[in-house]
Amino acid sequence: MTLPRRNAGWRPSELLLPTPTGLYCPPADIHIDPVRPVARALITHGHSDHARAGHGAVLATRETLAIMALRYGDGFAGSQQVAVPGEAIRIGEVGFTFVPAGHVLGSAQIAVESRGLRIVASGDYKRERDPTCAGFEPVPCDIFITEATFGLPVFRHPPASGEVAKLLESVRLFPERTHIVGAYSLGKAQRVMALIREAGYERPIYIHGAVEKITAFYEAEGIPLGEIRLVAETDRKTLGGEIVICPPSATQDLWARRFPDPVTAFASGWMRIRARARQKGVELPLVISDHADWDDLLATIREVQAGEIWVTHGEADALVHWCGTAGLKAKPLHLVGYGDEGEADPAEGVADAASV
Ligand SMILES: [Zn+2]
Ligand SMILES: [Zn+2]
């Protein structure tokens, strides 16, 4: 997309504004990722802090609608409409275009455009390659709305392939121990499995029941994950030397102690902070994130060439400050209700949402 003619007939807040329910577009009477039930909702992706049940009408990508149906049942909304990435949908005099965000399968940014003003709400996003979903596409815009889950200079994510290599090296060194990898059930778990396969690992991968439905959906969408087996259908005593994927909360449960001499791993951007890993009893921290790290947040802000940046959730202050030093107008939106399921801060216990 190229930037529209810069002749904004709207003041930005007339086209999109933060409300306690989420971002709201008055001329179309529609919310983006509302945290409470609304008449009409646009949903960026299936994580439970963005995709909630009970809206009147929902517009989202085909994959996101399918994920919501898997989690909440077919009647999760009064009506559903598929948004095809790259195709604008007009509501009143506003055009809405879904564009891949690279976060999880089906995830999208939403470009909101009217009278020559374009605002892009990026939802959650990352820039690192992910074999399980379409890559982020930068959209030039007047105002870019970004998350800041890892919006501090300390957060620099190493390549995920190297982290998976650490896991496989540990499996090689400790062939009698079960490696239990905590990974959020939508997106991270499947990405970790896909990366393990890319690294050439061919043994079955064992999963916790909470990961099963979404994993089956990824496979049905044509993402090869190799042979997957359910822990529940296996004698755990035989799982020494094997890899088990489960929701992060399960690594803390009795459930995780019933394997032969388990090694507890956790795949999250938070694992960059060693104290977090220690506090959670994580023996093998794997810094694998589905969110942009500090460098990628800055690179993305530069790339979209917006004159103004709005920061939704996460570490807004540092990012807003950086924008100021770069000569960009920026403000935090202080949206509440988004503590991403996909990368909730384990220290704050939000991670439990992942067992949905
Ligand atoms: Zn989120
Ligand atoms: Zn998310």
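Treat the numbers as computed from the prediction; the structure is a model and nothing was measured.
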Connected-component partners of [X] among ILVMFWY, side-chain separation under 4.5 Å:
{"X": "V336", "result": "none"}
{"X": "L17", "result": "Y24"}
{"X": "F174", "result": "L173"}

Problem - Residues forming a ring pair (Phe, Tyr, Trp, His ring centres under 6.0 Å) with H157, sequence neighbours excluded - result: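 Counting only residues at least two positions away or on another chain, H157 forms a ring pair (Phe, Tyr, Trp, His ring centres under 6.0 Å) with F150.
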
Exercise for the section: If a pair satisfies side chain to side chain donor-acceptor pair (under 3.5 Å) and one of its residues is in residues 209-232, list it, with sequence neighbours excluded. Expected result: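 Matches after skipping sequence neighbours: R62-E221, Q190-T215, Y206-R229, E227-R229.
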
Practice task
Give every residue pair that meets the side chain to side chain donor-acceptor pair (under 3.5 Å) criterion with at least one member in residues 237-248, sequence neighbours excluded.
Solution key: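 Qualifying pairs: R203-E242.
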
Do [X] and [Y] have side chains that get closer than 4.5 Å, going by heavy atoms?
{"X": "I119", "Y": "D142", "value": "no"}
{"X": "L284", "Y": "F266", "value": "no"}
{"X": "W270", "Y": "V287", "value": "no"}
{"X": "K331", "Y": "V311", "value": "no"}
{"X": "I243", "Y": "V181", "value": "yes"}
{"X": "F96", "Y": "S114", "value": "no"}
{"X": "S107", "Y": "D124", "value": "no"}
{"X": "L15", "Y": "P27", "value": "yes"}

Side-chain donor/acceptor of [X] to backbone N/O of [Y], under 3.5 Å:
{"X": "R71", "Y": "G46", "value": "yes"}
{"X": "Q109", "Y": "V120", "value": "no"}
{"X": "T97", "Y": "G86", "value": "no"}
{"X": "T234", "Y": "L230", "value": "yes"}
{"X": "R191", "Y": "A160", "value": "no"}
{"X": "S170", "Y": "L167", "value": "no"}

We want to know whether [X] and [Y] form a side-chain donor-acceptor pair, criterion being a heavy-atom distance below 3.5 angstrom.
{"X": "W310", "Y": "T146", "result": "no"}
{"X": "R127", "Y": "T300", "result": "yes"}
{"X": "T44", "Y": "Y125", "result": "no"}

State, to 0.1 Å, how close [X] and [Y] come at their nearest heavy-atom pair, and which atoms those are.
{"X": "G22", "Y": "H31", "result": "O-CD2, 4.2 Å"}
{"X": "Y201", "Y": "G241", "result": "OH-O, 4.2 Å"}
{"X": "R36", "Y": "P20", "result": "NH2-CB, 3.2 Å"}
{"X": "V104", "Y": "G187", "result": "CG1-CA, 3.8 Å"}
{"X": "T264", "Y": "G281", "result": "CB-O, 3.9 Å"}
{"X": "A77", "Y": "V58", "result": "CB-CG2, 3.6 Å"}

Once rounded to the nearest 0.5 Å, what's the spacing between atom [atom1] of [X] and atom [atom2] of [Y]?
{"X": "D33", "Y": "L335", "atom1": "CG", "atom2": "CG", "value": "9.5 Å"}
{"X": "H45", "Y": "I67", "atom1": "NE2", "atom2": "CD1", "value": "9.5 Å"}
{"X": "L42", "Y": "H50", "atom1": "CG", "atom2": "NE2", "value": "14.0 Å"}
{"X": "T132", "Y": "K188", "atom1": "OG1", "atom2": "NZ", "value": "11.0 Å"}
{"X": "R172", "Y": "E169", "atom1": "CZ", "atom2": "CD", "value": "4.0 Å"}
{"X": "I223", "Y": "R197", "atom1": "CD1", "atom2": "CZ", "value": "14.5 Å"}

Handout entry: Pairwise ring pair (Phe, Tyr, Trp, His ring centres under 6.0 Å) hits with a residue in residues 237-257, at least two apart
Key =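 Listed once each, the pairs are H208-W255, W255-F259.
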
Do [X] and [Y] share a hydrophobic cluster (ILVMFWY, side-chain heavy atoms under 4.5 Å, transitive)?
{"X": "I196", "Y": "V244", "value": "no"}
{"X": "I288", "Y": "L225", "value": "yes"}
{"X": "V263", "Y": "V231", "value": "no"}
{"X": "I180", "Y": "I207", "value": "no"}
{"X": "F76", "Y": "V38", "value": "no"}

Exercise for the section: For the pair H103 and H47, name the ring-plane relationship: parallel under 30°, tilted 30 to 60°, perpendicular over 60°. Expected result: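 Geometry flag for H47 against H103: perpendicular rings.
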
For [range], pull every pair meeting salt bridge (Lys or Arg N to Asp or Glu O under 4.0 Å), keeping only residues two or more places apart or in separate chains.
{"range": "residues 86-106", "result": "E93-R115"}
{"range": "residues 245-264", "result": "R177-D261"}
{"range": "residues 144-165", "result": "R156-D295, E163-K166"}
{"range": "residues 305-326", "result": "E308-K329"}

Exercise for the section: Verify side-chain contact (heavy atoms from CB on, under 4.5 Å) between R302 and Q305, making sure each step is shown before the conclusion. Expected result: CA-CA 5 Å; R302 288 195 189 96; Q305 296 169 34; over 6 Å; no

Problem - Step-by-step salt bridge (charged side-chain N to carboxylate O under 4.0 Å, His left out) determination, E283 to R278 - result: CA-CA 7 Å; E283 188 175 342; R278 270 199 304 274; over 6 Å; no

Practice task
Report, as yes or no, whether the 6.0 Å neighbourhood of atom CD on E202 holds more than 12 heavy atoms from other residues, nucleotides or ligands.
Solution key: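 12 or below, so no.
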
Exercise for the section: List for me each residue that meets side-chain contact (heavy atoms from CB on, under 4.5 Å) alongside T64, sequence neighbours excluded, and say none if there are none. Expected result: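 Partners of T64 under the side-chain contact (heavy atoms from CB on, under 4.5 Å) test: I43, A60, T61, M68.
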
